[in-house]
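See below for the structure under consideration.
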2 protein chains.
Amino acid sequence: MDSRRIPRPTIKRLAVYHRCLENLVISGVPSISSKDLAERLGIKASQVRKDLSYFGEFGKRGVGYGTELLLDSISEILGIRKRWNTCIVGMGNLGMALANYPGLAGSGFITRALFDNNPNKIGIPMPNDLIIESTSLLKNIVRERNIEIGVITVPANAAQSTAELLIDASIKGIVNFAPVRLSLPPEVRNEEIDISVSFRSLAFSMTFGSSGRGRIR
Amino acid sequence: MDSRRIPRPTIKRLAVYHRCLENLVISGVPSISSKDLAERLGIKASQVRKDLSYFGEFGKRGVGYGTELLLDSISEILGIRKRWNTCIVGMGNLGMALANYPGLAGSGFITRALFDNNPNKIGIPMPNDLIIESTSLLKNIVRERNIEIGVITVPANAAQSTAELLIDASIKGIVNFAPVRLSLPPEVRNEEIDISVSFRSLAFSMTFGSSGRGRIR
DNA sequence: AAGTGTGAAGTCTTTCACAGCT
DNA sequence: AGCTGTGAAAGACTTCACACTT
C-alpha cells in the first residue's frame, strides 16, 4: 500500500467507520451498505466507498459490506491489533484526565508512565499501578518500557523543551495538547489537539453562520 | 464579510496567529513579516498573507504587519471580545479537567454550569463558585444563565440524548468530545474533538510513514 | 530592497455518475 | 434491482509568482 497517497481525512474516517462497525457487529447486523453507513456518520455514501477503495474491494455489489469482514479489514489497515506504549508528560488537569481515561487503553494505547516536574506531585499513585515520576527520569524510563508515543500536556511555554526531551529519548510520535506548534525532526510523527482553537472556530461559525457542521477531516 | 467563502482552516489558523501575536506584543516586538510569522508556526508565508487577505489589508508593504494592529484586527474578526457562556455536561474525567482548565476562560469561554446525572456527583463544589447540578435542571439553568455553548463529555451512548437536551434548551453551539457523530438541526453549530481518532491517525502515520506533520486545517 | 496583496496555477479532497457485478 | 468500485468532474485549499507599495 502506498500510504503517501492516502488522504489524512480518509484515515480519520476509517477510525470512525471502525467504531461504528464495532457497534453494528455487537448488535448482530450482518451487513451494511455504504449509504446506510454514511447516513449514520453524516457523510456521503460515495465518500465511504472512495475511502475503502484506496485499500481494496471489501463489498459485494448489490448487497453491501459484511460488517465483520469490513471491521477486520479496517483493523488490519489501521494496525489496530498493535499495542502502543505511551507516556504522559505534565500531570495537570488534562494529563490527569487522560491518565484516568479508559478510552485510550481501549483503543490500544497503553499508558506506561506519567511524568511531572513538580516535586509535590511525584510519587502520587495513579490507576493501573502507575506513579507520577520525575521528568528527569524520562529518558531512562521511556527506553526501559519501550514507550513509542509521548503525550504532551504541559503548559505552552514548556512544550517545546518537553518535545526535545522525548525526542532525545527516541520517541517516535507525539500527541501535543499544548497550544503551540512544535518544531520536530521529520521522522517524528505528530498530532495536535488544540482545544481552545476548536472553541474559537465554533464561536466564529456561531457568529457568522459559516459553512456549518464540521466534516471528519 | 462573506464568511461562507472563508475556509475553515483559515479560521483555525487565525486563532493560532492571534495567540502568537499576543506573545509578540508582550515581548515588545512592534512588527513582523508574514515570513517570520509563518516560520514560527511551521507554515508558508503566502498562507499567512492569503488568510489575512480574506479580511482586509493589515500590512505595510516593504515592512510587515504591526503586531498590535494585527492582534486587534484578528480579535475583531474572531469576535474575541465577546464572552461566551458555556456549560459542561458529563462530569467524568474529561469534564472535570475542562472545568478546571483555565485556558478556556482565558479565551472568553466562561463555564456557567456543570451537569451530571449521577446523584453521587450532584452538589460537589467546583472552582469558580460552581456546583455540579442535575441534568434534569439543564433546560432551566441554561436559559436562566444565558448559556449559548454546550460541551458534551458524556459517554458515547449518552451523547445524542444529551445533544437533544441541549437543543431543547435552545443552545446555539456544541463542542462534542464523545466519539460519535451527533445528528443536529442545521442551525446548531458543532465542533468535534475526538481524542482516540487522533491517536489512531498518529499510529497509522507512525506505521506507514505517511505524509507527516499535520498542518493546521 | 523588502515585503504585501492577489490572480492564477497547482494540489488535494470530495462528489458525481455510471459501468459492472451479484 | 440494488449496490459497489472508480475514472472524471467539481470543489476546496494552498502555493506560486509578480505587480505594487513603502
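Not measured: the values here are computed from a predicted model. First the proteins, then the strands, lettered A, B, ... as listed; each starts at 1.
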| message | Ignoring hydrogens and geometry beyond distance, is a side-chain donor-acceptor pair present between A:Arg145 and A:Asn85 at under 3.5 Å? | response | no
| query | Who are the side chain to side chain donor-acceptor pair (under 3.5 Å) partners of B:Asp194, not counting sequence neighbours? | reply | A:Arg19
Identify every side-chain donor-acceptor pair in residues 21-30 of chain A under 3.5 Å, counting partners at least two apart or on other chains, and give the distances.
{"residue": "A:Ser27", "atom": "OG", "partner": "A:Asn23", "partner atom": "O", "Å": "2.7"}

| Non-neighbouring partners of A:Asp116 that pass salt bridge (charged side-chain N to carboxylate O under 4.0 Å, His left out), sequence neighbours left out | none
| remark: Residue pairs meeting ring pair (Phe, Tyr, Trp, His ring centres under 6.0 Å), one or both in residues 176-197 of chain A, sequence neighbours left out, come to none
| remark: A:Glu57 atom CD is separated from D:dT4 atom P, nearest whole Å, by 12 Å
| query | Taking OP1 and OP2 of D:dG5, is either one under 4.0 Å from a side-chain nitrogen or oxygen of A:Tyr65? | reply | yes
Give me the distances for all protein-to-nucleotides 7-10 of chain C N/O pairs that come in under 3.5 Å?
{"residue": "C:dG7", "atom": "N7", "partner": "B:Lys50", "partner atom": "NZ", "Å": "3.4"}

| message | Given C:dT14, C:dC16, C:dG5, identify the nucleotide with an atom nearest to the side chain of A:Pro9. | response | C:dT14
| note | Rounded to whole Å, the CD1-P distance (A:Ile11 to C:dT13) equals 11 Å
| How close or far is atom P of D:dG5 from atom CD of A:Gln47, stated in whole angstroms? | 15 Å
| task | Scan residues 31-41 of chain B for pairs that pass side-chain hydrogen bond (donor to acceptor under 3.5 Å, both in side chains), counting only residues two or more places apart or in two chains. | result | B:Ser34-B:Arg49
| note | A:Glu76 meets the side chain to side chain donor-acceptor pair (under 3.5 Å) criterion, sequence neighbours left out, with A:Arg81
| Would you call B:Glu191 and B:Lys12 a salt bridge, taking side-chain N to carboxylate O under 4.0 Å as the test? | yes
| Starting at CD1 of B:Ile6 and ending at P of D:dT14, how long is that distance when rounded to a whole Å? | 12 Å
| said: Considering only residues two or more places apart or on different chains, which pairs with a residue in residues 164-173 of chain A satisfy side-chain hydrogen bond (donor to acceptor under 3.5 Å, both in side chains)? | reply: A:Lys139-A:Asp168, A:Arg143-A:Ser170, A:Gln160-A:Glu164
| Whole angstrom value for the distance that separates C1' of D:dT6 from CZ of A:Phe58 | 15 Å
| message | Rounded to whole Å, please give me the gap between CG in A:Asp51 and P in C:dT15. | response | 10 Å
| Separation of atom CG in B:Leu14 from atom P in D:dT14, rounded to whole Å | 12 Å
| remark: What residues 28-37 of chain B contributes to the DNA chain C interface at heavy-atom separation below 4.0 Å is B:Ser33, B:Ser34
Under 3.5 Å, which donor-acceptor pairs link side chains of residues 94-111 of chain A to any protein atom two or more places apart or in another chain?
{"residue": "A:Asn100", "atom": "ND2", "partner": "A:Met96", "partner atom": "O", "Å": "2.8"}
{"residue": "A:Ser107", "atom": "OG", "partner": "A:Gly103", "partner atom": "O", "Å": "3.1"}

| remark: Separation of C:dC12 atom P from B:Arg8 atom CZ, nearest Å, is 23 Å
| note | Readout for nucleotides 17-22 of chain C: B = base within 4.0 Å of protein heavy atom, S = sugar-phosphate only, - = neither; 5' to 3' it is B-BBBS
| task | Name all pairs fulfilling the side-chain hydrogen bond (donor to acceptor under 3.5 Å, both in side chains) condition that reach into residues 58-75 of chain B, sequence neighbours left out, sorted by first residue then second. | result | B:His18-B:Ser75
